[in-house]
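Chain A is the first sequence line, chain B the second, and so forth, proteins listed ahead of strands; every chain is numbered from 1. No experiment lies behind these values; they were computed from the predicted model shown.
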Number of protein chains: 2
Amino acid sequence: MSEPAKPRYRQLKELIIGQISAGELRPRDRVPSENELVNATGVSRMTANRALRELKREGYVERVAGVGTFVSDFKAVSHVLEVRNIADEIERRGHNHTAIVLVQEKSASAPGPAGALRVDEGTEVFHLVLIHHENALPIQVEHRFVLMEFAPDCLEQDFTAVTPSAYLSAISPLQEAEHVVRAVMPDDEIKSSLEMENHEPCLVISRRTWAHGRPVSFARLYHPGSRYELSGHYVPPGTEAFSRAAEGSDE
Amino acid sequence: MSEPAKPRYRQLKELIIGQISAGELRPRDRVPSENELVNATGVSRMTANRALRELKREGYVERVAGVGTFVSDFKAVSHVLEVRNIADEIERRGHNHTAIVLVQEKSASAPGPAGALRVDEGTEVFHLVLIHHENALPIQVEHRFVLMEFAPDCLEQDFTAVTPSAYLSAISPLQEAEHVVRAVMPDDEIKSSLEMENHEPCLVISRRTWAHGRPVSFARLYHPGSRYELSGHYVPPGTEAFSRAAEGSDE
DNA sequence: CCCCTCAGGTTGTATATACAGCCTAGTGCA
DNA sequence: TGCACTAGGCTGTATATACAACCTGAGGGG
């Protein structure tokens with residue numbers, strides 16, 4: 001084996017995860033305290049603390065100061081729909097990304113985007129429409145609305161080179177995002193842009209990004225429903241559950 | 001203020017996040033090393049280490065042993081589509097959840113589920129079909145396939161009382177899940193079960209859960225596309241980005 | 001000119017120690 | 001019986017120290 005000896009705090013974590021996984025420790029059971037782990041395994045308390053602290057952050061256990069550490073009721077069956085920069089997404093697949101800009105203008109915001117951006121209906125915002133291609137196959141139509149004060153040079157950008165998502169991230173690197181996923185029937189414009197069959201449904205991801213504590217950008221991302229799948233395989237930073245599952249695990 | 005004095009590692013984190021947020025530290029910029037933080041702020045190196053280690057886990061910075069710490073290109077615009085137990089989901093909204101069991105039997109697995117569960121086509125698996133209601137409105141059709149060896153008493157369960165998801169969690173509390181989201185046109189059975197209009201599309205979440213290092217359950221969850229929305233507001237444990245955004249942040 | 005080596009800075013881990021804050025259980029007093 | 005208090009265990013944080021592993025860049029030898 002190519003085992004350069006796992007660090008001790010990791011061994012401790014895996015020991016405990018193993019006991020939980022094997023049923024020796026059941027939900028709500030008490031996990032050995034830091035000092036008990038010190039006595040049992042010979043590590044220092046700080047090492048035991050790190051192991052338990054990380055297990056807590058990962059959802060395996062809950063800790064109460066003065067009381068103890070307990071196995072979580074059930075590890076949150078988690079998630080994972082990471083939708084970031086479609087260009088990156090495509091690059092990761094080793095494919096080629098190109099984009100066509102259909103609309104790049106100032107316009108009065110419609111009720112939907114206005115509500116999402118928390119501005120009055122009719123407020124001028126930047127409006128973008130792009131078609132993203134993966135190896136010449138249209139894969140996403142992006143309708144985006146951006147607060148003018150947030151990105152004043154939005155009209156001068158070349159969004160075939162840098163996606164709006166990447167551009168906005170560059171302006172304010174600390175963005176949070178909300179996503180809403182829906183299935184709809186596409187209108188004719190979307191349908192032809194994505195070269196879709198007649199009665200094929202469409203997956204719409206509405207994304208709102210926040211900066212400085214308020215929404216600054218709202219986008220509707222249209223995908224051909226059956227052609228493109230959002231896979232749960234990608235592991236966002238900090239999500240360790242999936243990497244464990246992926247790397248074979250039991251030892 | 002009701003400030004019981006934040007711990008120093010937290011102050012350090014907020015200091016650095018503040019500098020990134022204000023643009024003083026830009027993506028790819030070098031963040032002060034642990035020792036520099038020690039000299040600058042007077043904390044011990046272990047405290048600086050903890051601050052930087054957590055910032056790394058949260059996606060703010062990247063660290064390279066022997067080189068330094070650097071501001072992330074952009075904080076992964078993250079995610080959040082948490083799909084867990086639909087009953088819990090409905091309860092959280094303060095509504096009433098009921099379920100109808102249409103199918104609960106052993107059956108030979110079709111190619112799709114067989115592939116997902118990594119068994120041969122035709123292998124006998126438990127097959128469930130349920131309709132979930134939120135306040136008498138049909139909200140989800142659940143087609144589920146479970147490995148027989150994993151849940152031998154699957155036929156005796158009353159899934160109107162405990163959802164399959166909760167039941168499986170109880171059997172093996174440590175489950176991981178993958179999700180794939182697609183939009184499709186429902187077949188007649190789904191369409192009538194969900195009381196859908198004629199050409200309304202359908203949101204399908206395919207979920208595969210893992211236990212003991214292998215897939216044990218595969219489900220297709222059908223939602224009426226336009227009636228039900230998966231909101232990104234829920235904050236899963238360990239996702240600190242959203243809670244920060246929620247609690248007001250700048251201090 | 002290229003390659004090797006080595007020094008120094010940086011992260012990653014581990015330990016021993018210390019104190020604060022929280023909670024529980026039990027003691028003792030009224 | 002019922003209440004107040006306390007001792008002890010537990011987590012949370014902080015520090016000082018140590019060594020290993022890693023990377024870069026400078027310098028020297030071929």
Those residues that, when tested against B:Glu62, pass side-chain contact (heavy atoms from CB on, under 4.5 Å) (two or more places apart)
B:Ser72

Considering all heavy atoms of both residues, which atom of B:Val67 and which atom of B:Arg30 are nearest to each other, and what is their separation?
O-NE, 4.5 Å

Per-nucleotide protein contact string for nucleotides 12-17 of chain C (B base, S sugar-phosphate only, - none; heavy atom under 4.0 Å):
BBBBBB

Can you check whether A:Thr69 has a side-chain N or O nearer than 4.0 Å to OP1 or OP2 of D:dT11?
yes

Under 6.0 Å from the six-membered ring centre of B:Tyr9 and within 45° of its axis: does the NZ or CZ of B:Arg50 meet both?
yes

Determine the contact category for B:Glu62: base if any of its heavy atoms lies under 4.0 Å from a base atom, sugar-phosphate if only primed atoms, P, OP1 or OP2 are that close, otherwise nothing.
nothing

Any side-chain donor-acceptor pair under 3.5 Å between A:His132 and A:His97?
yes

Taking atom types as modelled, is there a side-chain donor on B:Arg53 or B:Asn49 under 3.5 Å from an acceptor on the other?
yes

For A:Phe159, ring-ring contact (aromatic ring centres under 6.0 Å, His included) partners two or more places apart:
A:Tyr167

Report the distance from atom CG of A:Asn35 to atom C1' of D:dG8, rounded to the nearest whole Å.
12 Å

When rounded to whole Å, the CD to C1' distance for the pair A:Glu54 and D:dG12 reads 15 Å

